[in-house]
Amino acid sequence: KAGVTQTPRYLIKTRGQQVTLSCSPISGHRSVSWYQQTPGQGLQFLFEYFSETQRNKGNFPGRFSGRQFSNSRSEMNVSTLELGDSALYLCASSSGQGVGNTIYFGEGSWLTVV
Amino acid sequence: TQLLEQSPQFLSIQEGENLTVYCNSSSVFSSLQWYRQEPGEGPVLLVTVVTGGEVKKLKRLTFQFGDARKDSSLHITAAQPGDTGLYLCAGDGYGNKLVFGAGTILRVKS
C-alpha cells in the first residue's frame, strides 16, 4: 500500500512569509502527527491530529498550526517565518489506536528560510 | 517531561565489527520504536517493542526492551557498509507523541 506522502519536498521562503505543507497518510490511518527535525534539536513533536481533532500538541509557538480534513489528509502552516524555522518537517501516520501501534513517516518537506 | 538519552552519538567502525546502541530513560514507555534514517529521507521503522524484556531479531539486528520498559538496546552483528545511517530510538509517550533520542550516527567502513 502507498506510504505517507508529503508535498512539497523542497521549498525556500523569505523571513516573514508563511508556508503550508501537506501530508497524505496511509490509507485507513486516522492519526497524523507532525515533527520538526533540525541538527541542533533533533526530532521534536509539533502536534497530532486524529479524526480532524488536535489530540496532542508539542511546545511550539502559535505560529505553527495544523488541521486535518475528513479524508485524514493534513496540512501544517507556519506563519511569520523565522530563520530558525529552517528544518525538515516530517509527517507521520498511524491507526492512532492501541499500544505500540506502528507509526510510519513520510520523506519530509525541506524548508529553508532566507 | 519524558526524555530519552541515546548513546553513543557517533560510531565509526570497520566492516564485520559488532556494535551496540543504547537508549535510556527515567520514564516508562508503553512501547519503544527504532528507526533508521538516511540523509534527506524520513525515518524508516525497524522495529517496535512493547513488552518488558522483549527481544526481537531482524537479520543481523537484535533489539531488546528493558524489563522495566525504561531502556532499550540495538545490537548489530557483523556490520556492513549498508548499515550506515542515523539510528533513532523513540518512546511512545502520551497519545501518539513520540519522544525521540538524539540519534546515533553510524558509519561502517569497508
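Letters A, B, ... are given to chains in the order of the sequence lines, protein chains preceding strands, and every chain is numbered from 1.
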Would you find more than 12 non-hydrogen atoms of other residues, nucleotides or ligands less than 6.0 Å from [X] atom [atom1]?
| X | atom1 | result |
| --- | --- | --- |
| A:Arg63 | CZ | yes |
| B:Gln9 | CD | no |
| A:Glu52 | CD | yes |
| A:Lys57 | NZ | yes |
| A:Phe60 | CZ | yes |
| A:Arg15 | CZ | no |
| A:Asn71 | CG | yes |

Hey, what do you get for [atom1] ([X]) to [atom2] ([Y]), rounding to the nearest 0.5 Å?
| X | Y | atom1 | atom2 | value |
| --- | --- | --- | --- | --- |
| B:Phe100 | A:Gln44 | CZ | CD | 11.5 Å |
| A:Arg55 | B:Lys97 | CZ | NZ | 13.5 Å |
| B:Leu98 | A:Tyr35 | CG | OH | 3.5 Å |
| A:Leu43 | B:Gln37 | CG | CD | 6.0 Å |

- [ ] Give, as side chain, backbone, both or neither, the part of B:Leu86 having an atom under 4.5 angstrom from any heavy atom of chain A.
- [x]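 Only the side chain of B:Leu86 comes within 4.5 Å of chain A.
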- [ ] With a 4.5 angstrom heavy-atom cut-off, could you sort out which part of B:Phe29 is near chain A: side chain, backbone, both or neither?
- [x]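 B:Phe29 has no heavy atom closer than 4.5 Å to chain A.
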Task: Minimum heavy-atom distance A:Ile103-B:Gln33, with the two atoms named - done: N-OE1, 3.9 Å
Task: Heavy-atom closest contact (A:Leu90 atom, B:Gly42 atom, distance) - done: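 Nearest heavy atoms, A:Leu90 then B:Gly42: CD2-CA, 3.7 Å.
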Task: Proximal component of A:Gln41, with respect to chain B [non-hydrogen, under 4.5 Å] - done: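 Neither part.
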